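Notes follow once the structure below has been shown.
Every value quoted in this text rests on a predicted model; they were computed, and no experiment measured them.
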Amino acid sequence: MEEKNKERNGTNVMEFILLGFPGSQYLQMSIFMLFLIMYVMALLGNMAIIILVIANRRLHTPMYFFLCNLSFLEIWYTTASIPKSLAIFLGRGRSISFTNCIIQFYFVFALGSTEYFLLSVMAYDRYLAICYPLRYSSIMDSQLSLQLAAGSWLCAFLIILIPAILISRLTFCGPNVINHFYCSIDSWIAISCTSTFEIEIAAFVISIVVIVCPCVITFLSYIFIINTILHFPSAQRKQKAFSTCSSHLAVVLIWYGSTIFLYVKLSNISSDMNKIVNILNTVVTPLLNPFIYTLRNKEVKDTIRSSLHWG
């Protein structure tokens with residue numbers, strides 16, 4: 001009872017300090033330059049994929065429609081956290097208001113959740129294309145493609161409203177320092193002076209819906225894909241089938257690899273190591289995606305060559 005009274009009487013903190021990465025000014029400037037270069041390259045790479053797909057009619061297929069959605073998502077996913085991080089590394093703008101922190105949290109996690117759903121949709125698309133090639137065009141038509149993409153965006157943005165609303169009800173009356181370069185659920189839980197039980201339960205349930213369910217869909221899709229490919233009679237057909245899904249599989253492995261590290265935490269993993277892995281999710285993966293799809297996808301490479309030759 002006495003503890004609850006202290007919580008009620010405490011001053012509600014409405015501004016927070018984002019620590020970023022500790023170190024000398026030289027280290028901060030080095031990290032700033034690294035982040036800036038990766039951010040600009042991620043933006044340019046993903047914009048190039050979108051322009052390439054829109055400009056070439058041969059790429060107007062469900063697979064590249066989903067790829068456009070993924071590239072559009074990556075542009076905003078990095079933009080939700082990196083510009084603020086750049087200001088932190090410059091030693092400016094470390095403070096962030098409670099409202100802006102929630103807004104940043106909402107968009108980072110909503111966009112990240114959309115990526116899980118989109119990757120599972122893309123795996124399902126490859127499953128239909130390889131396992132049911134004769135029926136693929138009739139099943140995965142433009143209407144279903146649009147519904148799956150829109151559903152991925154809508155479900156993610158709706159489900160992340162739940163923790164965002166719960167966070168807005170928390171009280172912060174102690175330290176206002178967030179040991180991260182953006183606002184995350186762990187940060188809120190660590191510094192809140194009121195009960196975080198509801199948000200921890202919500203985060204657990206949402207992680208099952210957002211991470212585990214898409215992961216199962218993706219995993220099962222690739223089991224059926226690989227099983228089907230192995231039964232192809234010719235080696236050339238096997239190679240062609242693998243090439244159509246290898247890019248997506250590479251992106252899935254990078255994305256889920258960093259997710260497993262972040263959410264299946266070991267006790268000896270430091271907060272700085274967690275921040276480094278977060279960099280992999282927020283800027284490195286969006287940077288790598290265009291290159292992976294360009295270098296590992298024959299159809300995209302052929303389109304780029306023909307476009308450059310035409311130019």
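No side-chain heavy atom of Met140 sits under 4.5 Å from any side-chain heavy atom of Tyr132. Annotation: side chain of Ser85 is not in contact with side chain of Thr282 (no heavy-atom distance under 4.5 Å). No side-chain heavy atom of Asn176 sits less than 4.5 Å from a side-chain heavy atom of Ile191.
Within 6.0 Å of CD in Glu198 there are 12 or fewer heavy atoms belonging to other residues, nucleotides or ligands. No more than 12 heavy atoms of other residues, nucleotides or ligands shown are found within 6.0 angstrom of CD on Gln239. With a 6.0 Å radius and a threshold of 12 heavy atoms from other residues, nucleotides or ligands, Trp153 has its CH2 atom above the threshold.
The shortest heavy-atom contact between Leu118 and Ala149 is CD2-CA, 4.5 Å. Taking both residues in full, the closest heavy atoms of Leu287 and Met41 are given as CD1-CB, 3.4 Å, listed atom of the first, atom of the second, then distance. Contact between Thr79 and Ile75 at its shortest, heavy atoms only, is OG1-O, 2.6 Å.
Checking Glu74 against Asn46 by side-chain atom types alone, no donor-acceptor pair falls below 3.5 Å.
By the 30° and 60° cut-offs, the orientation of the rings of Phe172 relative to Trp188 is tilted. Between Phe224 and Tyr127, the ring planes are tilted. Angles from 30° to 60° get that label.
Using a 4.5 Å cut-off between side-chain heavy atoms of Ile, Leu, Val, Met, Phe, Trp and Tyr, with links allowed through other members, Leu19 and Phe16 fall into different hydrophobic clusters.
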Could you walk me through whether Tyr182 and Leu18 pass the side chain to side chain contact (heavy atoms under 4.5 Å, CB included) test, one step at a time? CA-CA 7 Å; Tyr182 71 88; Leu18 293 167; 5.7 Å; no
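In summary, of the residues considered (Ile82, Leu43, Thr78), a side-chain contact (heavy atoms from CB on, under 4.5 Å) with Pro286 occurs for Thr78 alone.
Panel note: side chain Ser71, backbone Cys68; no donor-acceptor pair is recorded below 3.5 Å. No donor-acceptor pair under 3.5 Å is formed between the side chain of Thr171 and the backbone N or O of Thr194.
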